[in-house]
**Q** 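Dumping the structure here so I can ask a few things about it.
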Amino acid sequence: MKALSGVKILDFTHVQSGPTCTQLLGWLGADVIKVERPGVGDATRKQLVDVEGADSLYFTMLNHNKRSLTLNTKNDTGKQVLERLIKECDVMVENFAPGALDRMGFSWQRIQELNPRMIMASVKGFGPGPYENCKVYENVAQCAGGGASTTGFLDGPPLVTGAQIGDSGTGLNLAIGIIAALYQRTQTGRGQKVLAPMQDGVLNLCRVKLRDQQRLARGPLKEYSQYSEGIPFGEATPRAGNDSGGGQPGRILKCKGWETDPNSYTYFITQAAVWQNICDVIGKPEWKEDPDYATPPARLPRLNEIFGTIEQWTMTKTKYEVMEICNPLDIPVGPILSMKELAEEPSLRDSGTVVEVDHPERGKYLTVGCPIKMSDSAVEVTRSPLLGEHTVEILKYVLRYSDSEILAIKESGAV
Ligand code: CAO
């Protein structure tokens, strides 16, 4: 028994945003049936290929715990099979370009006629408005949602982040919407439409920058480095480098070995509550009582000097030593961990956050496991399906077609 046992998902998703959502639902126990175009499949199967002839890591890492059914939904027989799937499933998830489902003949109205309990969940690049018909990929969403304009350094161009907040972030929003709609359906008996636009998802994650946009109207943002550097603010929330987005100033500081190791850095937060400990650790006990340093407001115009002094200390330690010294003193610090270090970290393997999976075409590989841990719904990560691996199984046991009907479906070219 898993949290979503018994829930059937008609998974029409591709690339990253939608598959993130359905993979999470699969981890939580739903039966996820991924519908793919015969002979082609999800485009990511063959993108960024590293093992010739095998599904790419891009695909496998987004499609665990799913079954694959090939179906040409533009073929008449294929449409009939899709109708049966819609009647059979609880949730349909898609992230096609705007209008693609309508063009296929499956508008929301038609889906409701076929199954009034159906929850129809979509990722789109934009919500209603001037850009609603646009196709969108991750970095477009990061740019249009406020992420890029507020990321990077003041003297450089806008930057996108490696965290896939537009795709994977929006996929998570969609999953929350679906689970809420499933709960509401237990009261109303009706399905509903769930929409998660990528621009909305990114902006939602950038809320502290919208906060700062409004604070800017009332004066300079004193916790930003540019304030202590005397650089005037413009009209919009500026890029803030590695400044902390909260009320406790923080920076990325060099650690021992930074000259050769690009990740020999630590994040260091000068939390007000532990200022005394910080002064002792960095060898500046006199700052504890000095009115120029003793209080958070007094420190704001001096952040460059303060972090410069702290960095003189962190440069004498490795990023791990900084952790070991600061953690017992309650000083919040964090090492900059590389992907290599994360992949090799035993505790992340133990917790199921990084998982090794075996695949018939590519052998063993690493993937991320479920980031949510539940005491009564354990997650086992199972490998992604090969294209059409479960077509016959689904036609026979989920849709209850007879052997002769399955033969006819195959002969029609629908699967
Ligand atoms: N059988 C028959 N046709 C199928 C099919 C199937 N099983 N599955 C898909 N198709 C068809 C669609 O109906 C569509 O046909 P039309 O153009 O004739 O309507 C066609 O395949 C292509 O679909 P698409 O437009 O969604 O795909 P694309 O590669 O051109 O665009 C993307 C990809 C991601 C830009 C677009 O889907 C999109 O904007 N999605 C919404 C936003 C989103 O999720 N973006 C994140 C992607 S991850 O970075």
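Here the structure is a predicted model, which means the values were calculated and not measured. All ligand and atom numbering here is 1-based and tracks the order in the structure.
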**Q** Using a strict cut-off of 4.0 Å, indicate which atoms of ligand 1 neighbour a heavy atom of L71.
**A**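 Checking each atom against L71, I get 1 (N), 6 (C), 7 (N).
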**Q** Are any of the side-chain nitrogens in D31 or R67 under 4.0 Å away from the carboxylate oxygens of its partner?
**A** yes
**Q** Specify the protein heavy atom at minimum distance from atom 36 (C) of ligand 1: its residue, its atom name, and the distance to 0.1 Å.
**A** A97 N, 3.6 Å
**Q** D167 heavy atoms, cut-off 4.0 Å: which ligand 1 atoms fall inside?
**A**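 The list of qualifying atoms is 46 (C), 47 (C), 48 (S), 49 (O).
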**Q** Counting N and O atoms only, with roles assigned by atom type, does the side chain of S68 sit under 3.5 Å from a partner on the main chain of H390, one being a donor and the other an acceptor?
**A** no
**Q** Just wondering, more than 12 heavy atoms not from Y365 lying within 6.0 Å of its OH?
**A** yes
**Q** Which protein non-hydrogen atom lies closest to atom 33 (C) of ligand 1, naming both residue and atom, and how far is it?
**A**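 Going atom by atom, the protein heavy atom closest to atom 33 (C) of ligand 1 ends up being Y137 OH, 3.6 Å.
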**Q** Tell me: protein heavy atom nearest atom 9 (C) of ligand 1, and distance?
**A** F96 CE2, 3.3 Å
**Q** Considering only NZ, NE, NH1 and NH2 on the basic side and carboxylate oxygens on the acidic side, decide whether R45 and E36 come within less than 4.0 Å.
**A** yes
**Q** Any side-chain to backbone donor/acceptor pair from N65 onto Q23? Under 3.5 Å, distance only.
**A**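 No, because the side chain of N65 does not come within donor-acceptor range (under 3.5 Å) of the backbone of Q23.
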**Q** For H14, state whether at least one heavy atom is located under 4.0 Å from any atom of ligand 1.
**A**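 Checking ligand 1 against H14, which is what was asked, there is a heavy-atom contact under 4.0 Å.
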**Q** In the protein, which heavy atom is nearest to atom 19 (O) of ligand 1, and how far is it?
**A**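 Result for atom 19 (O) of ligand 1: R103 NE, 2.7 Å.
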**Q** Quick one: which ligand 1 atoms are inside 4.0 Å of a heavy atom on N72?
**A** 1 (N), 2 (C)
**Q** Considering non-hydrogen atoms of the protein only, which is the closest contact for atom 28 (P) of ligand 1, and what is the distance?
**A** K135 NZ, 3.7 Å
**Q** What are the atoms of ligand 1, with element, lying closer than 4.0 Å to any heavy atom of V123?
**A** 41 (C), 44 (O)
**Q** Taking distance alone, with N or O pairs closer than 3.5 Å, would you say N95 contacts ligand 1?
**A** yes
**Q** Are the charged groups of D155 and R239 less than 4.0 angstrom apart, N to O?
**A** no
**Q** Quick check: F12 with F96 (ring centres under 6.0 Å apart)?
**A**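 Between F12 and F96, which both carry aromatic rings, the centre distance is below 6.0 Å.
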**Q** Identify, for atom 45 (N) of ligand 1, the protein heavy atom at the shortest distance, and state residue, atom and that distance.
**A**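 Ranked first by proximity to atom 45 (N) of ligand 1 is V136 O, 2.7 Å.
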**Q** For atom 5 (C) of ligand 1, grab the closest protein heavy atom and report residue, atom and distance to one decimal in Å.
**A**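 Going by distance alone, atom 5 (C) of ligand 1 is nearest to R37 CG, 3.7 Å.
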**Q** Using distance alone, determine whether T73 and ligand 1 share an N or O pair under 3.5 Å.
**A**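 Right, the criterion is met.
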**Q** With a 3.5 Å cut-off and no angle check, do the side chains of E94 and S122 form a donor-acceptor pair?
**A** yes
**Q** Please determine whether any non-hydrogen atom of G18 lies less than 4.0 Å from an atom of ligand 1.
**A** no
**Q** Heavy-atom distance under 4.5 Å between the side chains of T270 and F307, does that happen here?
**A** yes
**Q** Assess, by modelled atom type and distance only, whether the side chains of S338 and N263 contain a donor and an acceptor separated by less than 3.5 Å.
**A** no
**Q** Counting heavy atoms only, name the option from K124, K79, E138, K74 that's nearest to atom 18 (O) of ligand 1.
**A**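 Minimum heavy-atom distance to atom 18 (O) of ligand 1 goes to K74.
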**Q** Which bit of M104 is near ligand 1, meaning a heavy atom under 4.0 Å away: side chain, backbone, both or neither?
**A** side chain
**Q** For the backbone of A148 and the side chain of T151, can you confirm whether one donor and one acceptor N or O come within less than 3.5 Å of each other?
**A**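 Pair absent, no side-chain N/O of T151 close to backbone of A148.
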**Q** Please say whether P98 places an N or O atom under 3.5 Å from an N or O atom belonging to ligand 1.
**A**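 N/O-N/O distance below 3.5 Å does not exist for this pair.
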**Q** Between K79 and D76, is the closest basic N to carboxylate O distance under 4.0 Å?
**A**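 Between K79 and D76 there is no salt bridge, as every charged N stays at least 4.0 Å from the carboxylate O atoms.
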**Q** Give the atoms of ligand 1, by number and element, whose distance to some non-hydrogen atom of A100 is under 4.0 Å.
**A**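 In order of numbering, the contacting atoms are 19 (O).
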